[in-house]
Amino acid sequence: MPPNPQHHHHRSSLKQNNKAFKSRHASKGSIKAKNKGRVEKSPKATSISNSLSSKKADRRNAAKIEQAKKRSELASNIRLFTGPNAPPKVVAVVPLCPDVDPLQVVVDLHTCLELSCQSQPVGPVTLSVERFKQKLKIVPVSRRLMDILDAVRVSDFVILLMSAAVEVDAEGTLALTAIKAQGVPLLHGVVQHLENDSPKMQAAVRKSLLSYMEAHFPGSDSKLFSTSQTQEAISLLRSITSIRPKPVVWRDQHSYVVSDALEFQETDGESGIGILKVMGHVRGQSLSANRLIHIQGFGDYQIQKITSCPIVRGNGEVVDPVDLQFPHPELQDSLVAENEPDPMDGEQTWPTDEEIAEGDANVARIEQLRAERKKKLLRVPKGTSAYQAAWIVDEAENGDEGEDSSGENGDDFDMDDGEDEGESDEERAGSGEEAEDQSEEEYEEIEPESKLDDFDVGFNVADDERQYKEYLAEKKKRKEEEDDLQFPDEVDTPREIPARVRFARYRGLKSFRTSPWDPYENLPLDYARIFQFENYKRTRSKVLKDLALGEDQWEGVDVGRKVIVWITNVPKAVMETHNPRLPFTIFSLLPHERKFTLASCNIHRVDHTNAQSARTIRSKDPLILWSGFRKFEVRPTFSETKGGSNGVFRFERYFHPNKNVLANFYGPIAFMNEPVLVFRASEMEEVPTLVATGHSVPPSPLRIVAKRILLTGHPFKIHRRSAVIRYMFFDPQDVEYFKPIQLHTKMGLTGHIRESLGTHGYMKCLFGEQIKPQDTVCLSLYKRVFPKWNTQTWVDDGAGRSGWAAASGKDGDGEWPVERALTGEAGGASASAMMTD
């Protein structure tokens, strides 16, 4: 056979290595990474085609179930407002321009349906739209901000009324800001005076107004109508009646009733106190007779019973009301809002005589050790005075400098040994003795003089007093708020009172963010009156879960049913102060929302062109706070929004513009993330001014708000790393008292106090590096601050003036005994009551 032909082959090092085929059997780690937490069900013993088809069918079936669920919810919501006995949709007409008329919108909507309407209607108007089988409750409001917010709070739709001739002014912009902060339902725009422009100008005006609405409410897909035209007015009604109202979460988690009629029935034997009957449709959640009812401006009350409304049949027959629900005696919420503390809860045991004697012996022993401490001798060159020796830094005290100097001496010593290696022992001994004699002749050991006496020799009291007055006059030239921005927390040490007495309640912290601080230490008596949850998140989840499942301990009246709510022990002032131009609304509280705790809210300062609203807001200034549907007059303390790992938040003296702070005050518990509006009332203004907006945060009585002060001093003399600091203290005993606290400078250096100099508060300090003459030395002290118990229910009389009804048992302008439910004397206990779920 012929030989096999030879083929050319590449070297093995040049061969291509292809990627390995993916294996079906992966490792456990790769399977977990691929699944990303998903748990696969065990496969059934079926073929691959059947399993794939079954999974696809399951997914399709689940999608159909979810789609059917959403459709049923949508249909139920639509049916909720459809029918002769269905609740009407509440529509608020908000004017944004000074030349618009909200009452004209009501007239135009009646005219397009060929219905008669009063030329000047007073209060909400119910419009029956037979064409779309629904009812509308139209609420025209004035340009007063308080009225606008009260109407929008319970509205399903908001009509923003604008003008084609006049732009939206500052009041209209402020109203939009407040509406966005409170919660935005569905919006529609209406423009007036559009018929006065040419058709070309009308298109430009519409485009401009739509852009304005889109800028304030992006993604709202709002429409613009002109109700002066019949066709557009009908289109507006069609849009409102065909759209499902947008849910407002914080509002819809509570049950509330927008009244159609009110009736007050006085109780026998009690003047001014009686039963308030509120007739209206149940909205939000089902209404339970066991829950408390909140009336805005007057507080919380209990329900006597819930009855149905009288029904008139087609033949004229009237069906009498029927009792639907009575409160359960064991399940009805109590009006108690404060804890009743035990006066003996905080009692402590007095120390025994043996413990007192042992403490005195320890103090005497420490004083004896200090007295027996001897002065050390310093080895200095001859000719050095005792005063100069007092300013020489000892090597033992200055560890870094001592190590450097010893290293240099060691090197020199080794070099000397190398040079003298050839000398004999006698010669080296002789030269060593000569060097020792020479060093003995050049140096001597002396006892430094007392710095207390020597420093006072050259001290001029008159010059120091003059310099200090000039220093204080320089600081007083700055404005108070500007000082807080440029020099936050700086405090001048008083000369009349020792610093150890003036700042006895303050403490030093090594780290403000991580140093431990006991939250139960030195609590005020007001803390014995508040409530604290054992686990707030668990309690909140349980309350909302029971609310969603309808397991709120007692079955309530369904949403959409027209009922009469009988509320007991209501003052007659509720009827007398009610503004008939606005709808009267009652809200049902969730469990525990009546009880007081240390409430907090995250608020942001709102800047306006109005000079009055740009004034300084200090901590503990009186403010009007709207939290959801409740209104209070509070004096909150401000703090930072973020704290350290130890739960400590820095106290803010001022509420600066464009800054977020936490406002802390004693107030009722709120489970929902409610919107917060902050107003400030003054004698110069008829209407309170909006100054901040925000939202509530979970209550935490253990949150520590620490007030920081900075005692500042200035370098007087500098020598390497040591320096003499003055103006921080004016007493040597104060220097010794604050000696353990670490110092820091504004340029980032840290140091500590070494000793006191003289009798006027000068002190010698040692820093990590040499301090600069223009630097400032600071000493930080901290003290925990608490708000005052001064929360009151805010009452608006509708004319811009406000009255105050105390929520802590005090009487307001009228005598309302129901507010005295907040009773209980604060005893010696200093711990809040613990609530469990």
Enquirer: Of the options V90, L237, T126, D156, which is the one that meets L136 in a side-chain contact (heavy atoms from CB on, under 4.5 Å)?
Expert: L237
Enquirer: Backbone N or O of A692 within a donor-acceptor pair of the R605 side chain at under 3.5 Å?
Expert: no
Enquirer: Can you classify the ring geometry of F629 versus H254 as parallel (below 30°), tilted (30 to 60°) or perpendicular (above 60°)?
Expert: perpendicular
Enquirer: Are F587 and S255 close enough that some pair of their side-chain heavy atoms sits under 4.5 Å apart?
Expert: no
Enquirer: Please report the closest heavy-atom contact between Y666 and P787, naming both atoms and the distance.
Expert: CE1-O, 3.1 Å
Enquirer: Determine whether the side chains of Q182 and R153 contain a donor N or O and an acceptor N or O closer than 3.5 Å.
Expert: yes
Enquirer: Side chains of E593 and H294: any donor to acceptor distance under 3.5 Å?
Expert: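 No donor-acceptor contact under 3.5 Å links the two side chains.
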Enquirer: Does the pair D150/R144 count as a salt bridge with the N-to-O cut at 4.0 Å?
Expert: no
Enquirer: To check you understand the geometry: which heavy-atom pair defines the closest contact between S128 and L113, and what is its length?
Expert: O-CD1, 4.4 Å
Enquirer: Please confirm whether K631 makes a cation-pi placement over W794, using NZ or CZ under 6.0 Å from the six-membered ring centre and within 45° of the ring normal.
Expert: no
Enquirer: Which heavy atom of A151 sits nearest to which heavy atom of V139, and what is that distance?
Expert: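 Heavy atoms of A151 and V139 come nearest at CB-CG1, 4.2 Å.
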Enquirer: Distance-only, no hydrogens or angles: does the R635 side chain make a donor-acceptor pair with backbone N or O of F665 under 3.5 Å?
Expert: no
Enquirer: Is any side-chain heavy atom of L623 closer than 4.5 Å to one of L625?
Expert: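 Result no, sub-4.5 Å side-chain heavy-atom pair not found.
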Enquirer: How close do I148 and A175 get, heavy atom to heavy atom, and via which atoms?
Expert: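 Nearest pair, atom of I148 first, then A175: CD1-CB, 4.1 Å.
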Enquirer: Decide yes or no for I273 and K572: does some side-chain heavy atom of the first lie under 4.5 Å from some side-chain heavy atom of the second?
Expert: no
Enquirer: For F531 and A337, work out which heavy atoms get closest and say how close.
Expert: CE1-O, 3.5 Å
Enquirer: State, without any angle test, whether S142 and D147 hold a side-chain donor-acceptor pair at a distance under 3.5 Å.
Expert: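 Side-chain D/A pair, S142 to D147: present.
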Enquirer: Could you tell me the separation between the NZ atom of K595 and the CD1 atom of I530, rounded to the nearest 0.5 Å?
Expert: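 These two atoms lie 14.0 Å from each other.
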Enquirer: Quick one: does S288's side chain have a donor or acceptor within less than 3.5 Å of a partner on N290's backbone?
Expert: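 It does hold such a pair.
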Enquirer: Measuring from atom CG of L598 to atom CD1 of I669, what distance do you get when rounded to the nearest 0.5 angstrom?
Expert: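 It comes to 11.0 Å.
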Enquirer: Between E338 and W789, is any pair of side-chain heavy atoms under 4.5 Å apart?
Expert: yes
Enquirer: To the nearest 0.5 Å, what is the distance between CH2 on W566 and CG on L276?
Expert: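 Here the rounded value is 11.0 Å.
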Enquirer: Within the structure provided, determine whether V129 and L127 are in side-chain contact (heavy-atom separation under 4.5 Å).
Expert: yes
Enquirer: Any idea which heavy atoms bring P321 and P310 closest together, and the distance?
Expert: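 Residues P321 and P310, closest heavy atoms: CG-CD, 3.9 Å.
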Enquirer: With rounding to the nearest 0.5 Å, note down the distance linking CD in Q792 to CD in E633.
Expert: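 Output value for this atom pair is 5.0 Å.
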Enquirer: One thing to verify: whether D252 and R283 come together as a salt bridge, which I'm taking to mean a side-chain N less than 4.0 angstrom from a carboxylate O.
Expert: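 D252 and R283: not salt-bridged.
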Enquirer: Is any side-chain heavy atom of L590 less than 4.5 Å from a side-chain heavy atom of R291?
Expert: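 L590 vs R291: side chains apart.
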Enquirer: Roughly how far, to the nearest 0.5 Å, is CG of D260 from NE2 of H281?
Expert: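 The NE2 atom of H281 sits 6.5 Å away from the CG atom of D260.
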Enquirer: Find out whether F638 and I603 are in side-chain contact, i.e. whether some heavy atom of one side chain is under 4.5 Å from a heavy atom of the other.
Expert: yes
Enquirer: Tell me whether D621 is salt-bridged to R618, with the criterion being a basic N under 4.0 Å from an acidic carboxylate O.
Expert: no
Enquirer: Kindly say whether K137 contributes a backbone atom to a donor-acceptor pair with the side chain of K89 at under 3.5 angstrom?
Expert: no
Enquirer: Between Q134 and T241, do the side chains contain a donor N or O and an acceptor N or O under 3.5 Å apart?
Expert: no
Enquirer: To the nearest 0.5 Å, how far apart are CZ in R529 and CG in N339?
Expert: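 Spacing of CZ (R529) from CG (N339) equals 10.0 Å.
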Enquirer: Report yes if some heavy atom in the side chain of D300 is under 4.5 Å from a heavy atom in the side chain of I293; otherwise report no.
Expert: no
Enquirer: Within the distance-only criterion (no hydrogens, no angle test), does the side chain of T791 pair as donor or acceptor with the backbone N or O of V634 below 3.5 angstrom?
Expert: no
Enquirer: Are F786 and Y527 close enough, and set up right, to give a ring pair (Phe, Tyr, Trp, His ring centres under 6.0 Å), and what steps lead you there?
Expert: CA-CA 9 Å; F786 301 91; Y527 258 59; 5.5 Å; yes
Enquirer: Of all residues at least two apart in sequence or in a different chain, which pass the salt bridge (Lys or Arg N to Asp or Glu O under 4.0 Å) check with D320?
Expert: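 Expected list: none.
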Enquirer: Have N664 and S600 got a donor and an acceptor in their side chains that come within less than 3.5 Å?
Expert: yes
Enquirer: Cut-off 3.5 Å, side chains only: do Q325 and K305 have a donor facing an acceptor?
Expert: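 No.
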